[in-house]
A.B. asks: 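Take this structure first; my questions come after.
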Amino acid sequence: MADIMSILSTAYKSNVLSSTSGSSKYVSVDSSLYQGSWTGSYPDGKKFSLNVSQVSGFRAQVHYQSEGTSQYQQVLIKDGSFRFGNTKFTLTDVGKAQVKNVVTDPATGSTYLDTAQATLDT
């Protein structure tokens, strides 16, 4: 069992480190591309809203709401995306974004990735 855990730990660490390292730097973004109220729904029909405010340079304030979840966080925008909690927001086009959320099933403890499209409300 210890060998399996060691292998999983090593694989996890190498994947995490390789996916977070990069040569790109944080640069100022166009606030109009991010700022505002975003809405969407996951494939299971669960709706969510995301309010992005106070975009300054590459920083922003985010308020994410989904059934039973309300989360506030300051984020850093890099390469057209930002992370908050277990969620990643990626700008795909003007007024459109992809939202990926890692969800843990409380009954089984297994995790899965929920992917949805969000649109900027005008």
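This is a predicted model, so every value here is computed, not measured.
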A.B. asks: At their closest point, which heavy atom of F48 faces which heavy atom of A116, and how far apart are they?
C.D. replies: CE2-CB, 3.6 Å
A.B. asks: What distance do N86 atom CG and T69 atom OG1 have between them, rounded to the nearest 0.5 Å?
C.D. replies: 10.0 Å
A.B. asks: How close do Q35 and L120 get, heavy atom to heavy atom, and via which atoms?
C.D. replies: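 Nearest pair, atom of Q35 first, then L120: O-CD1, 3.8 Å.
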A.B. asks: Between Q74 and R59, what is the shortest heavy-atom contact and its length?
C.D. replies: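 Taking every non-hydrogen atom into account, NE2-CD, 4.0 Å.
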A.B. asks: To the nearest 0.5 Å, what is the distance between CG (N51) and OH (Y64)?
C.D. replies: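 Here the rounded value is 14.0 Å.
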A.B. asks: Could you list the cluster mates of L113? Members are the ILVMFWY residues connected by side-chain heavy atoms closer than 4.5 Å, either directly or through other members.
C.D. replies: V102
A.B. asks: For S66 and K47, indicate whether the former's side chain and the latter's backbone hold a donor-acceptor pair under 3.5 Å.
C.D. replies: yes
A.B. asks: Taking only residues two or more places apart in sequence, or in another chain, which ones meet Y34 in a ring pair (Phe, Tyr, Trp, His ring centres under 6.0 Å)?
C.D. replies: none
A.B. asks: Is the closest side-chain heavy-atom distance between V103 and Y42 below 4.5 Å?
C.D. replies: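 Of all side-chain heavy-atom pairs linking Y42 with V103, none is under 4.5 Å.
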A.B. asks: Work out which heavy atom in T90 is nearest to a heavy atom in S81; give both atom names and the distance.
C.D. replies: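 Closest heavy-atom pair between T90 and S81: OG1-CB, 3.6 Å.
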A.B. asks: Between atom CD of Q61 and atom CD of Q73, what is the distance when rounded to the nearest 0.5 Å?
C.D. replies: 9.5 Å
A.B. asks: Nearest 0.5 Å, please: how far is CD in Q117 from CD in Q98?
C.D. replies: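 Atom-to-atom, Q98:CD and Q117:CD are 5.5 Å apart.
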A.B. asks: Specify the closest pair of heavy atoms between F82 and V52, including all atoms of both residues, with the distance to one decimal.
C.D. replies: CZ-CG2, 4.1 Å
A.B. asks: Quick check: closest heavy atoms across A60 and I77, and the distance to 0.1 Å?
C.D. replies: CB-CD1, 4.2 Å
A.B. asks: Is it true that F58 and V75 fall in one hydrophobic cluster, defined by side-chain heavy atoms closer than 4.5 Å?
C.D. replies: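 F58 does not cluster with V75.
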A.B. asks: Kindly compute the distance separating CG (L50) from CD (Q65), expressed to the nearest 0.5 Å.
C.D. replies: 10.0 Å
A.B. asks: Can you confirm whether or not the ring centre of F89 sits under 6.0 Å from the ring centre of F84?
C.D. replies: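 For F89 and F84, the ring centres are not under 6.0 Å apart.
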